[in-house]
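This report concerns only the one structure given below.
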Amino acid sequence: MAELGPVIAFAVVVALALFQASAVILGVLDPQLMTGLVLAASFAQASLVYVFMMHARYTSKGVLLLTITALLLLIPLFLALLYSVELPIHVPRSR
Amino acid sequence: MSHGGNEHVGGPNPLISWLFTTNHKNVGVLYLVTSLYFLVVAGVLALTFRLQLSEPNNVILGPDAYNRAMTLHGLFMLLWVTTPLGAALANYFVPIQIGAKDMAFPRLNALSYWLYLSSGIVALSSFFAPGGTADWGWYTYQPLASLRYSPQIGGSMMAFALLLLLASTTVGTVNFIVTIFRLRAPGMKILNLPLFSLGWLATNLILLWAFPAFMAPLILLVTDRLLGTVFYTSAEGGPLLWAHLFWFFGHPEVYILLIPGLMAVGDIIAVSGRRAVYAKPAVWVALLVASFQSWVVWAHHMFQSGIHTGLREAFNITTELISIPFAVIVIAFLLTLVGGRIRITTPMLFALGSLALFIIGGASGVFNSSVALNIGLHGTFWVVGHFHYTIVGGGITGLVAAIYYFWPKMTGRLFSETLGKIHFVVHMVGFNLLYFPMHMLFDMPRRVYTYVVEAWGPVNMVITIGAFTFAAAWALFFAILFHSLARGSKAPDDPWDAAPYSLEWNIPSPPPEFNFPHGIPSLSPTGKISWITTNGASPSEHSHPHLSPWPFIVSVGTSLIGVGLFMSPPMTVLGLAAFVAAIVGWAYDDLKDRFKVVIEAIGEKWPFERDNNFSLGMWTLVIGEVALVGPIFSGYVFARANSLLTGFRWPAPGEVHPIELGLLNTIILTTSGLTATLAYLASKKGERGRTVLSLTATLALGLAFLGIKAFEWWELHAHGITFGTDIASSFYYVLTGIHASHLLAGVLVLPYLILKAHKGGYDGGKAPGIEMFAIYWGFVDIVWLFIFPSFYLL
């Protein structure tokens, strides 16, 4: 039964991918809502792959700690880059 | 270094044995010799530009030569000298201090060294390339480093050399993290480790994310230069993108340079003061806190770039805060001395000197954190003085103390204490004469090859005299070491009375091949050392041969590819052949179990008790890769948000990249992730047939994904969308290219796994290779799950 977790996770990941694609192709949602949902689906997919496929049979608290640290370290970079967006003045405009 | 040499290596031919060694002590010696050689090269370059600056309007070096000398000096001192110098001592002593016979992955350890040497060779070769080497400063100014302003081949070679170096360091980091966490002796809790090993663990936790994070902007730079992408030459990316990504790595790098020397200083103070380290748990907590804080201070290097005021205030505060944990460490070291019976030995003198210099450098750093002062001092010699006090004073001087401290153990020879003390005086006089007057030049711009202001002349002359005095100190240092090797008296096993303090002083000098002749060390809760033996013999007697040719040949191939790529295409073909042959040979050795790593897995493993060495190695690697992919995604978000202001229209969903193809590839890759996981689960049960079937399915799906990706690239090129069409295409090609190259690496490994599984190599229920692959493949899946929405859907 160890395979049940990965198989269910796989099914959900594929279902979410289909949802993402159809939401964009159909274009019935508000663009901001759609962007939020697509990104949320991606995070959910990544979490499922991480938990059920990469960890498969066990969870290591050390690995979990390293993963969380890695993700935390990226947050300031994202924020700093976003806060720097107001300055497209540093380079010649000609391409 | 004859004592550390053949005794460790053995084998028919000493030269071949050194080239093929995988013994951690020999690798440490190789690192030491190489990093000191690079130190001499970079030091001589510094002397040339100090001569140039010794008086106004000098003409010893022209602007181009000055810029090249300065660029190479900075890059080499930071990346090819100081970090590897710490790695040299760590390679030699960390396994011994934790109670292990070797590193967790001895061949990868050798590979790490040889790639480091290769990268240095490629970087130095760039000097002789047409047009000379990189001349854009060690910070690699953008868009100065772009092909438009710096078209010389040597610049691209330098960028390639840096990538090689980062690969080498990442391999080494993974190895050290697994070794320290998984190979500790019984009873060796984390806090039982000497400060040097504790510091090296903290350093590697920073390295794990810092060097991949540097790889991200470098890859973008290399593709800008070689493939014509527009990351740093477009309005949406530009120099601000480089500045953020570079300093995101660059400031943690400062602590990578500092911590090994600083922590060795702590050990030496404790041993020489004959007292336990004061408040050691607080020192460890301070180290961890500082390691974490090192990631949130980088933008103080960018106060003048015009970034948001709120950002400047935030980074002002975070930078001031990082002085607190270092103050805790310094105060703990000083309090260790209180009440101690202090012996003033050469290592102790250098330790105290290093601490004093670091305090000066640290204090001037607090001034730099202030936005107002920083803006005034930015780009002046004051800053040069500050960071040399920190890195050379705190880091390198601490490592000199460590070399003296460890030298008798490494070589079995004592050095002259009298000469050592003279060396200390010359070192301190030269250092302070060189760097202190720089603070007086707070109005003189750095990065200029000459100047006309007469008033700066005398101070610059003093600095140059200091530089030559400091160089004399280094010459004396090398003379002392050579004298010790040639004529030094035999060192006892414990010349510093440090046996109760750490394990290396409980074994012979120099240590035997597998470190512990009395058995495996074991620590009681009170710290008492005993030795575990099996069947009357030391477990250390049963071990693997410490030789493998493949790491060396891989790096020779890589060097040839690197140099040939820019200077001689046939050389690249030769290099590629050597590289492929070495990888095949390595895999064949594994298939035949020719290189066995015998590890007594009986010690401390917290907090990785549930992992094995291989799975932890792969976890560490992929978690490190988060810092490679994450910054590139951050750059993508930055460019995309910037495009709203610059007027660049980002392609609409489906306009350039067909959603259907992206969705198809998502399903294919996710399915392959499932089959990889099923292969692992089947191998755990010893089901050979299912294992082979699942792995084969993974291979087929991986190839299908790559085929579709190749088709997409082909179609884009056919429609005139190339690497450099715009910022959107640049990010698309590079992100999908990095992802595809990861996938390709996995696909190339799969036939080996299938073959081994088919031959029953995983029948026993243990399949570390497949487990590693499943972890890796999962990571590749996750990266794609973010690429798909980023380029196809949003």
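None of the values given here were measured: they were computed from a predicted structure. Just so we're on the same page: letters track the sequence lines, and every chain starts at 1.
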Toward chain A, the part of B:T670 with a non-hydrogen atom under 4.5 Å: both
Is it the side chain or the backbone of B:W784 that comes within 4.5 Å of chain A heavy atoms, both, or neither? neither
Would you mind checking which part of A:V63 comes under 4.5 Å of any heavy atom in chain B, side chain (CB onward), backbone (N, CA, C, O), both or neither? both
Between A:F43 and B:F786, what is the ring plane arrangement, given parallel below 30°, perpendicular above 60°, and tilted in between? perpendicular
Aromatic centroids of B:F773 and B:Y680 separated by under 6.0 Å: no
So which of A:V14, A:L66, A:V13 has the largest heavy-atom pair count under 4.5 angstrom toward chain B? A:L66
Please report the C-alpha distance between B:Y141 and B:W242 in whole Å, then the side-chain angles of each, then the deciding distance to 0.1 Å, and finally whether the side chain to side chain contact (heavy atoms under 4.5 Å, CB included) criterion is met. CA-CA 8 Å; B:Y141 279 93; B:W242 171 265; over 6 Å; no
Under a 4.5 Å heavy-atom cut-off, does chain A meet the side chain of B:E609, its backbone, both or neither? side chain
With a 4.5 angstrom heavy-atom cut-off, could you sort out which part of B:F788 is near chain A: side chain, backbone, both or neither? side chain
What part of B:L311 lies closer than 4.5 angstrom to a heavy atom of chain A: side chain, backbone, both or neither? side chain
Contacting moiety of B:W777, where chain A heavy atoms sit under 4.5 Å: neither
Is B:L793 in contact with chain A via its backbone, its side chain, both, or neither, using a 4.5 Å heavy-atom distance? both
B:F248/B:W209 aromatic ring centres below 6.0 Å: no
Heavy-atom distance under 4.5 Å to chain A: side chain of B:L785, backbone, both or neither? both
Heavy-atom distance under 4.5 Å to chain A: side chain of B:V296, backbone, both or neither? side chain
Heavy-atom contact with chain A under 4.5 Å, split by part of B:L794: side chain
Chain A contact via B:V783 - side chain, backbone, both or neither, heavy atoms under 4.5 Å: neither
Scan side-chain atoms only and decide if B:E771 and B:N612 contain a donor-acceptor pair under the 3.5 Å cut-off. yes
Let me know if A:L18 has heavy atoms under 4.5 Å from chain B in its side chain, its backbone, both or neither. both
Does any heavy atom of chain A fall under 4.5 Å from the side chain of B:A641, the backbone, both, or neither of them? both
Chain A interface, residue from B:F779, B:Y792, B:W298 that has the most non-hydrogen pairs under 4.5 Å: B:W298
Measure distances from B:L678 to the heavy atoms of chain A and classify the residue's part below 4.5 Å as side chain, backbone, both or neither. side chain
Any donor-acceptor pair under 3.5 Å linking the side-chain atoms of B:D224 with those of B:T229? yes
B:N204 to B:I177 - nearest heavy-atom pair and separation: O-CD1, 3.8 Å
Side chain from CB out, backbone as N, CA, C, O: work out which of these in B:L644 comes under 4.5 Å of a heavy atom of chain A, or both, or neither. neither
With a cut-off of 6.0 Å (strictly less than), are more than 12 heavy atoms of other residues, nucleotides or ligands near CD of B:E655? yes
Are B:W247 and B:H300 close enough that a side-chain donor and a side-chain acceptor fall under 3.5 Å? no
